[in-house]
Amino acid sequence: MRRAAALLMVCLSGGGAMAAPAVALPGLGPDSHRSVVDVNVAPWRILGRVQTALGGRCTGFAVAPTVMVTAAHCLWLPATRHYIQPGDVHVLMGYVMGQYRLHAQVTHFVIAPGYDPDNEGGTASEDRATLVLDRPVIALEDLVPYGEARMGAPAMLVGYPQDRAEVSYGDTACQINGLAVNQLIHHDCSATRGDSGGPLLVQQPDGQWGIVGVDVLATSGRGGFAAPLPH
C-alpha cells in the first residue's frame, strides 16, 4: 500500500492481488455501508471497468460517447517508470460477473499536466486521465452532467472495488465533508482499492445528480478524497 504520509491517504488502484478482508482495506473501516448497484440504469450507465493487459483494474466513467475519465495513477507502471501503452488499456461498460454491454479499447489518453506520480499526495488534485476510445460506449442522453460539491450535500460513489471486483458496488448514502486546501473533495463514502477513477456524484440544489470529481485517495477509516473535474 503506497501512502501519502502527510495526508494519511492511499491510492485506490486495484491491481491483481488477492482481496484482503474488507475491514483491512483503506477507505472502508468498520462502519462501511455498501451495496450492489445496477449499472444498466441511470445514473450508473456511465460506469465502466478499466483494466489493463497487465492485470490492473480501476473504475472509469464516460463523459462523452467516446471519452472516459479515470485516475491517472491507474495507468502508471512503477516498475518501468512509464505510463502503460494505450493499446493495453480496455474499458468494459456495465461489467457484472464477466458480462458487459460494450467493450472498447483506448486509442490514446491524456494525463492532467499537473499530476506527478512521484508526488502522488502533493498532486492528487490533478490525478486524472482522459481516455479516448475506439468506439462510442454510451448514448448522449445517458450522460451525467458535471456538478458542484457543497459541504454536507448527499453524495454517491460506486466502482469496482478490490474486494468486490466482479460487480458494481458502492456507497449511495454518503456526503461531502468539505474541500481541502489543494481543492481535493473530501467525502465519507465507503470506497477502497479498485474504486480509483470512479465518479463522485453529488445531489445538486435542483435534486439532480452531478459528477463533481474522480475518486483517487482513501483515508485510514471510511471515506477519502476525489480530484475535482476541470470546468
Side-chain angles (χ1 to χ4, degrees), residues 12 27-29 31-50 58-71 91 93-96 101-102 124-125 127-128 130-131 136-161 164 167-180 182-192 194-219 221-231:
L12 296 176
L28 299 182
D31 58 344
S32 172
H33 44 73
R34 298 175 296 164
S35 58
V36 176
V37 173
D38 187 350
V39 285
N40 291 306
V41 300
W44 302 114
R45 287 183 65 83
I46 61 172
L47 209 67
R49 192 166 88 162
V50 179
C58 276
T59 304
F61 57 96
V63 296
T66 59
V67 180
M68 298 278 291
V69 171
T70 190
V91 171
M93 298 299 293
Y95 181 93
V96 179
R101 293 194 311 272
L102 287 169
S125 61
D127 189 354
R128 299 183 307 274
T130 302
L131 314 177
V137 295
I138 195 167
L140 287 173
E141 60 267 24
D142 290 327
L143 293 171
V144 178
Y146 287 7
E148 297 292 337
R150 307 180 326 281
M151 179 73 174
M156 301 191 292
L157 201 162
V158 173
Y160 291 95
R164 297 290 191 277
V167 294
S168 49
Y169 199 65
D171 191 341
T172 59
C174 45
Q175 69 174 21
I176 301 300
N177 290 339
L179 297 179
N182 55 2
Q183 297 304 305
L184 282 170
I185 303 167
H186 185 208
H187 61 81
D188 69 357
C189 305
S190 301
T192 190
D195 286 314
S196 268
L200 178 63
L201 269 58
V202 170
Q203 193 169 39
Q204 302 301 295
D206 63 0
Q208 301 300 307
W209 291 92
I211 307 169
V212 302
V214 184
D215 199 47
V216 293
L217 295 170
T219 51
R222 178 163 62 89
F225 293 82
L229 295 170
H231 284 71

Taking atom SG of Cys189 and atom CG of Asp195, what is their separation to the nearest 0.5 Å?
10.0 Å
Could you give the distance from NE2 (His186) to CD (Gln175), rounded to the nearest 0.5 Å?
10.0 Å
Rounding to 0.5 Å, atoms CG (Leu143) and CZ (Phe61) come to a distance of 11.0 Å
With rounding to the nearest 0.5 angstrom, report the CE to CG distance, Met156 to Leu200.
9.5 Å
How long is the span from the CD1 atom in Ile138 to the CG atom in Leu102, to the nearest 0.5 Å?
9.5 Å
Begin with the C-alpha distance, continue with both residues' side-chain angles, and end with the deciding distance and a verdict on side-chain contact (heavy atoms from CB on, under 4.5 Å) for Asn40 and Val96.
CA-CA 10 Å; Asn40 291 306; Val96 179; 5.8 Å; no
Does any pair with a residue in residues 151-161 pass salt bridge (charged side-chain N to carboxylate O under 4.0 Å, His left out), and if so which ones, sequence neighbours excluded?
none
Can you check side-chain contact (heavy atoms from CB on, under 4.5 Å) on Arg164 and Val36, steps first, answer last?
CA-CA 9 Å; Arg164 297 290 191 277; Val36 176; over 6 Å; no
Backbone N/O of Thr59 and side chain of Thr70: donor-acceptor pair under 3.5 Å:
yes
Exercise: identify the closest heavy-atom pair between Val214 and Ala71:
CG1-N, 4.1 Å
Does some side-chain heavy atom of Val39 sit less than 4.5 Å from a side-chain heavy atom of Met93?
no
Mind listing the side-chain donor-acceptor pairs of residues 202-210 below 3.5 Å, one per line with the distance, residues two or more places apart or on another chain?
unit_1	atom_1	unit_2	atom_2	d
Gln203	NE2	Gly207	O	3.3
Gln204	OE1	Glu148	N	3.0
Gln204	NE2	Glu148	O	3.2
Gln204	NE2	Val202	O	3.0
Asp206	OD1	Gln208	N	2.9

Is the backbone of Arg45 close enough, under 3.5 Å, to the side chain of Arg101 for a donor and an acceptor to pair up by distance?
yes
Set out, in order, the CA-CA distance, both residues' side-chain angles and the distance that settles side-chain contact (heavy atoms from CB on, under 4.5 Å) for Tyr169 and Thr192, then state yes or no.
CA-CA 11 Å; Tyr169 199 65; Thr192 190; over 6 Å; no
Any sub-3.5 Å donor-acceptor pair from Arg222's side-chain atoms to Asp188's backbone N or O?
yes
Leu184 CG to Leu217 CG distance, which is reported to the nearest 0.5 Å
6.0 Å
Closest heavy-atom contact between Ala124 and Ala227?
O-CB, 3.4 Å
So, does Arg49 use its side chain to make a donor-acceptor pair with the main chain of Ser168 at under 3.5 Å?
no
Which atom names give the shortest non-hydrogen contact between His187 and Ile176, and what distance separates them?
CB-CD1, 4.3 Å
Any idea which heavy atoms bring Asp215 and Ala191 closest together, and the distance?
OD2-CB, 3.7 Å
Check: Ser190 main-chain N/O paired with Asp171 side-chain donor or acceptor under 3.5 Å:
yes
Thr219 and Phe225, any side-chain heavy atoms less than 4.5 Å apart:
yes
May I ask you to decide if Tyr160's main-chain N or O and Tyr95's side chain share a donor-acceptor pair within less than 3.5 Å?
no
